[in-house]
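Following: one structure in structure tokens, then a few remarks.
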Amino acid sequence: MSWSDYSFENLLNEARRRTNCYRASWRGIILIGPPGSGKGSQAPKLKDEYCVCHISTGDALRAAVAQGTELGKKAKSIMDKGELVPDELVNGIVGEAIDSPKCAKGFILDGYPRTVPQAQAVGYCVKKNKKNKKHYKSMIKKKSSIFKKLEKMLKEKKKLVSDVVELNVPDSILEERITGRRIHKASGRTYHVKFSPPKQSNKDDVNLFIYLFVTGEPLIQRADDTAEVLKPRLNEYHKHAEPVLAFYKQNGLVRTVNADDKFDVVWGRIKTQITSHK
Ligand code: AMP
């Protein structure tokens, strides 16, 4: 592949993106939303826009299951039932990933934190101010040693949470979104059989300009993307999301976005919310 294989417009856009990245300030973004709310689709766009790394605990766990690692063996049966994997396992994933050079300008946490103890592990790293001083002290008291390590590392490296984006979608439309979802495993690109079908049935799109990244390979359906497993996944979400959001609301970090719309419309709303809180 040589430079002449890229269109002038693509090269210019990439140069613009990199210049912006060079100047970009720190962003620590957390995406919270039920399964099928669009976290996995919006995260790559946020990653490019804010030059941050994308950490999906769901993707990391699925990779561990596929590779048959110790973590994967522990997580598989729990994931198959749509339940939550123990906090210490997912905290370990985030702690390792966030330390990578890719996260130098910030991070997007997609599907994490999902419980209050997980939120305590990263949530501590919000900027301290007068308003949340009391809250801060009570959090430190409650902490267990498992979380102290992650939080210490984040704090030392000043990896702070800046925005918590809540994607709101009514439960009634999630089943259609989830059961029609198809994924290109290597890149995580998502399609939907009805709302955003691939050009060729069940195959990743091929684009001549960026053919290194878009492949024509077969798409897969996630084992837990069924109506049956969606029920416990949604139950788990509703049980834990409110307390997690309440945790961040105390710091004024939550931006709630109506995500029951087309991808670009939702993306515009997310960007407006994040930009208005610099
Ligand atoms: P997701 O891809 O985010 O929908 O996650 C798929 C499954 O992975 C979930 O149903 C959980 O079993 C597990 N999982 C992902 N992230 C977490 C997390 N932060 N805490 C506990 N379990 C998780």
Side-chain angles (χ1 to χ4, degrees), residues 28-44 46-47 54-67 69 71-98 107-123 144 146-147 150-151 154 161 164-167 169 171 174-175 177-192 219-245 247-248 259:
I29 302 170
I30 290 175
L31 280 180
I32 296 184
S37 58
K39 301 186 297 293
S41 314
Q42 297 288 347
L46 280 162
K47 177 182 156 193
H54 172 202
I55 301 170
S56 157
T57 42
D59 285 352
L61 287 166
R62 277 184 290 281
V65 171
Q67 287 159 16
T69 64
L71 169 66
K73 281 178 201 152
K74 285 183 192 153
K76 188 178 181 317
S77 62
I78 303 172
M79 293 170 77
D80 286 347
K81 284 186 269 177
E83 292 169 4
L84 291 186
V85 172
D87 291 332
E88 60 269 27
L89 297 184
V90 276
N91 280 342
I93 296 174
V94 175
E96 243 173 64
I98 229 165
F107 54 75
I108 300 160
L109 298 180
D110 159 4
Y112 178 97
R114 260 177 159 101
T115 63
V116 170
Q118 289 177 20
Q120 283 171 339
V122 266
S144 77
I146 297 164
F147 306 116
L150 172 60
E151 123 205 331
L154 292 168
V161 176
V164 177
V165 179
E166 179 196 12
L167 297 179
V169 181
D171 283 5
L174 291 174
E175 185 174 323
R177 279 196 184 189
I178 281 289
T179 52
R181 181 157 74 177
R182 299 293 180 271
I183 295 166
H184 176 242
K185 207 171 168 194
S187 67
R189 257 187 298 283
T190 51
Y191 297 84
H192 190 280
L219 302 178
I220 57 146
Q221 179 171 19
R222 269 171 53 175
D224 58 352
D225 275 354
T226 61
E228 199 192 6
V229 187
L230 178 62
K231 282 195 190 102
R233 285 168 74 197
L234 269 178
N235 286 342
E236 289 284 49
Y237 176 76
H238 290 302
K239 193 161 98 194
H240 295 287
E242 265 319 304
V244 169
L245 286 165
F247 177 86
Y248 287 115

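Both counts, for ligands and for their atoms, begin at 1 and track the order of listing. The shown structure was predicted, so the numbers you read here are calculated from the model rather than taken from an experiment.
Here is the list of ligand 1 atoms found below 4.0 Å of a heavy atom in Gln118: 18 (C), 19 (N), 20 (N), 21 (C). Within ligand 1, counting atoms from 1 as listed, the ones closer than 4.0 Å to a heavy atom of Leu61 are 8 (O), 13 (C), 14 (N), 15 (C), 23 (C). Proximity to Arg233 (heavy-atom distance under 4.0 Å) selects the following atoms of ligand 1: 4 (O). Atoms of ligand 1 found under 4.0 Å from any heavy atom of Tyr112 (numbered from 1 in listed order, with element): 19 (N). Residue-ligand proximity, Glu83 to ligand 1, at heavy-atom distances under 4.0 Å covers atoms 11 (C), 12 (O). Those atoms of ligand 1 with a heavy atom of Val90 less than 4.0 angstrom away are 17 (C), 18 (C), 20 (N).
No hydrogens or angles considered: a donor-acceptor pair under 3.5 Å links the side chains of His238 and Asp171.
At least one side-chain heavy atom of Tyr237 sits under 4.5 Å from a side-chain heavy atom of Ile32. Using a 4.5 Å heavy-atom threshold, the side chains of Val229 and Asp80 count as separate.
Taking a cutoff of 4.0 Å between a charged side-chain nitrogen and a carboxylate oxygen, Glu236 and Arg233 do not qualify as a salt bridge.
Of the candidates Lys76, Arg114, Lys81, Met79, the one placing a heavy atom closest to atom 5 (O) of ligand 1 is Arg114. For atom 16 (N) of ligand 1, the choice among Thr115, Thr57, Leu109, Asp110 with the nearest heavy atom turns out to be Thr57.
Residue, atom and distance of the protein heavy atom nearest to atom 4 (O) of ligand 1 are Arg222 NH2, 3.1 Å.
The shortest N/O to N/O separation between Lys39 and ligand 1 does not fall below 3.5 Å. Every N/O-N/O distance between Leu84 and ligand 1 stays at or above 3.5 Å. Taking only nitrogen or oxygen atoms, main chain and side chain alike, Val85 reaches within less than 3.5 Å of ligand 1. Considering backbone and side-chain atoms alike, Asp224 places every N or O at 3.5 Å or more from each N or O of ligand 1.
For the atom pair CG (Leu89) and NZ (Lys74), the distance works out to 6.0 Å, reported to the nearest 0.5 Å. The distance from the OG1 atom of Thr179 to the CZ atom of Arg222 is 13.0 Å, given to the nearest 0.5 Å. Distance check: His240 NE2 to Thr115 OG1 gives 6.5 Å after rounding to the nearest 0.5 Å. Taking CZ of Arg114 as the start and CD1 of Ile30 as the end, the distance is 13.0 Å to the nearest 0.5 Å.
Heavy atoms only, all atoms of each residue included: Ile178 and Pro35 are closest at CD1-C, 3.7 Å.
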